[in-house]
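Notes follow once the structure below has been shown.
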Number of protein chains: 2
Amino acid sequence: MCKPLPLENNLLHDNPQQNHLDVTHIKSSCATCSLRELCLPVGLNNQEIQILGDVVSHKRKVRRGDYLHQSGLKFQSLFAIRSGFLKTCVLEEDGRQQVTGFHMTGELLGLDAISSEIHTCDAIALEDSEVCEIPFTKLEEISIIIPSLMRHFHKIMSREIVRDHSVMLLLGSMKAEERLASFLLNLSRRFSMRGYSESDFNLRMTREEIGSYLGLKLETVSRAFSKLQDENIITVDNKHIQINDINRLRIKMGNSSCIT
Amino acid sequence: MCKPLPLENNLLHDNPQQNHLDVTHIKSSCATCSLRELCLPVGLNNQEIQILGDVVSHKRKVRRGDYLHQSGLKFQSLFAIRSGFLKTCVLEEDGRQQVTGFHMTGELLGLDAISSEIHTCDAIALEDSEVCEIPFTKLEEISIIIPSLMRHFHKIMSREIVRDHSVMLLLGSMKAEERLASFLLNLSRRFSMRGYSESDFNLRMTREEIGSYLGLKLETVSRAFSKLQDENIITVDNKHIQINDINRLRIKMGNSSCIT
DNA sequence: TATTAACTTTGATTCAGATCAATCAGAGTA
DNA sequence: TACTCTGATTGATCTGAATCAAAGTTAATA
């Protein structure tokens with residue numbers, strides 16, 4: 001545990017090249033553990049790490065199926081995922097629901113709640129997970145003391161906006177199979193960044209949840225899986241996915257016939 | 001000109017109640033003009049206004065059809081819209097395009113570019129517009145001096161994330177007519193917040209651009225307009241829209257028969 | 001003002017994905 | 001071991017939106 005993984009949506013990376021600081025001097029308590037992920041490559045000195053450590057101290061476990069936070073509740077803290085896998089979803093009064101994201105180690109949850117100080121979506125663990133709670137007021141306070149942290153935080157928020165835009169592109173202009181290909185490639189890349197196989201992984205979510213995220217019905221998701229398997233691009237065994245030909249999968253995503 | 005409008009996605013409003021500061025002492029140069037929108041209700045003192053004023057000094061005009069910024073170019077500044085109307089859109093190598101938003105007075109553009117310091121989308125004026133350029137590095141610098149400004153900036157970024165999530169909900173789970181209803185209600189509210197009629201306005205964008213934003217083809221958009229007109233909910237005369245029954249329009253948006 | 005180009009509407013047809021339905025597989029649980 | 005429940009697959013059918021096509025309208029420009 002506590003290995004310094006390369007992560008994509010965390011407070012950790014400004015850019016990948018800055019990834020080599022020696023932090024072996026940090027005691028490996030669990031709080032500090034996530035701290036390493038949070039502050040590592042921002043280039044903090046010991047004193048700054050100490051300051052940040054006082055903020056990011058509270059750890060929390062979320063069992064599979066439980067809420068990390070719920071829409072409508074007061075916002076206090078951001079959550080940095082230490083381990084596990086969660087989904088976020090918004091839902092309307094009329095019961096309409098939309099999965100807005102799947103989140104894994106190193107990613108930061110709760111950004112949407114900053115504006116109104118009330119959570120606007122639910123975060124639910126898809127497997128037993130661990131998060132570090134980061135009281136937001138305190139984070140803002142120390143941002144003033146540690147400008148590089150502030151800068152990094154801004155980048156994380158911005159990255160979330162970019163991600164959302166690419167989901168909008170997907171939902172607005174891709175066909176079912178293209179959406180699934182895009183989804184698998186995204187997961188693949190994120191697993192790979194964390195040191196796991198990019199071509200062999202287990203899905204944590206159901207077909208229905210994938211469908212919600214991709215704007216498709218579960219049957220359509222299932223059919224798209226089968227289609228990709230028939231073409232020998234992937235191998236599907238329930239939740240276990242193997243990517244046999246990642247290039248062809250990329251082509252599946254890209255070559256829209258409808259270049260409207 | 002330079003009237004202090006109530007705006008939704010700007011540096012101005014923390015919440016609507018804070019809207020009554022006397023800023024008549026500020027000289028009404030055009031830069032300061034946008035400044036009033038930018039800093040007003042964050043509760044800054046004169047000295048702080050001065051500091052901010054030095055940052056938000058450069059004004060820029062964008063003629064209809066011109067780019068404010070283009071995907072791929074280096075990011076330097078955020079842009080606060082002083083007047084006019086713009087669209088932002090992302091496009092893939094394969095020509096796929098997606099309008100990610102329509103933006104009006106008081107809104108802030110360029111947030112997506114903070115993460116990579118390169119613009120990830122195009123911003124194009126749909127009518128002659130004026131923006132204030134805000135060098136981002138400087139904004140971050142003065143955020144350290146003026147914490148309430150930083151806090152406000154975080155809320156703006158967060159609000160953009162919330163907005164994107166609601167577009168994802170729209171694209172992922174609404175039918176054509178519901179999407180259009182939702183779109184019109186959103187415009188209506190935003191015009192209304194700026195002191196314009198909520199029930200009578202002119203669209204700045206084409207059916208095709210609406211379609212791109214809503215994940216529909218232009219013909220479908222046109223048909224949805226006609227349908228709403230046939231039901232006497234709205235009156236459509238090309239780009240001129242009148243909402244005759246805003247409640248029924250709300251129902252159109254909400255009562256999905258497909259509560260899956 | 002005439003001419004052209006861009007945009008909008010409407011109709012006919014097609015098709016991708018939703019819906020309905022049945023079966024199957026796997027994970028718990030009694 | 002059987003039983004139940006949830007989730008996945010596959011087939012048949014239906015439907016909303018895309019596509020194709022043809023006018024009609026508006027705005028831009030000479």
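Within every chain, numbering begins at 1; the chains are lettered A, B, ... in the order of the sequence lines, protein sequences first and strands thereafter.
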**Fill in**
The nucleotide from D:dT9, D:dA27, D:dA17 with an atom nearest the side chain of B:K175 is D:dA17
**Asked** A:K217 NZ to D:dA8 P: how many Å, rounded?
**Response** 15 Å
**Asked** For the ring pair B:Y213 and B:F102, is the centre-to-centre distance below 6.0 Å?
**Response** yes
**Prompt:** D:dG16 C1' sits how many Å from B:R179 CZ, rounded?
**Reply:** 11 Å
**Candidates D:dA8, C:dG17, D:dT26 - which lies nearest the side chain of A:N238** = D:dA8
**Fill in**
Result for 5'-nearest mapping on DNA chain C, choosing between B:L218 and A:L218, is B:L218
**Asked** How close or far is atom P of C:dA16 from atom CG of A:L214, stated in whole angstroms?
**Response** 18 Å
**Prompt:** Should the heavy atoms of other residues, nucleotides or ligands under 6.0 Å from CZ of A:R64 be counted, would the total exceed 12?
**Reply:** no
**Prompt:** NA contact type, B:G215, heavy-atom cut-off 4.0 Å: base, sugar-phosphate, or nothing?
**Reply:** sugar-phosphate
**Request:** Please state whether the base of C:dC20 and the side chain of A:E219 form at least one donor-acceptor pair under 3.5 Å?
**Result:** yes
**Request:** Would you kindly give the CZ-to-P distance between A:R207 and C:dA18, to the nearest whole Å?
**Result:** 16 Å
**A:K239, nearest nucleotide to its side chain (from C:dC7, D:dA8, D:dT26)** = D:dA8
**Request:** Report the distance from atom CE of B:M174 to atom P of D:dA17, rounded to the nearest whole Å.
**Result:** 13 Å
**Prompt:** Is the NZ atom of B:K239 crowded by more than 12 outside heavy atoms at less than 6.0 Å?
**Reply:** yes
**Prompt:** B:T206 near the nucleic acid: base, sugar-phosphate alone, or nothing, with a heavy-atom cut-off under 4.0 Å?
**Reply:** sugar-phosphate
**Message:** Tell me whether the side-chain N or O atoms of B:R223 pair up with the base of D:dG16 as donor and acceptor below 3.5 Å, since no angle test is needed here.
**Reply:** no
**Request:** Check the distance between D:dT6's C1' and A:E209's CD and give it to me in whole angstrom.
**Result:** 12 Å
**Prompt:** Nearest-Å distance, CE (A:M205) to C1' (D:dT6)?
**Reply:** 17 Å
**Complete:** Ranking B:R64 and B:T220 by the position along DNA chain D of their nearest nucleotide, the one closer to 5' is B:T220
**B:S226, nearest nucleotide to its side chain (from C:dT9, C:dA18, D:dT19)** = C:dT9
**Complete:** Here the distance between atom C1' of C:dG17 and atom NZ of A:K227, to the nearest Å, is 13 Å
**Prompt:** Do the ring planes of B:H119 and B:F79 sit parallel (below 30°), tilted (30 to 60°) or perpendicular (above 60°)?
**Reply:** parallel
**Request:** Anything under 30° is parallel, anything over 60° is perpendicular, the rest tilted; go ahead and classify A:F191 against A:F201.
**Result:** tilted
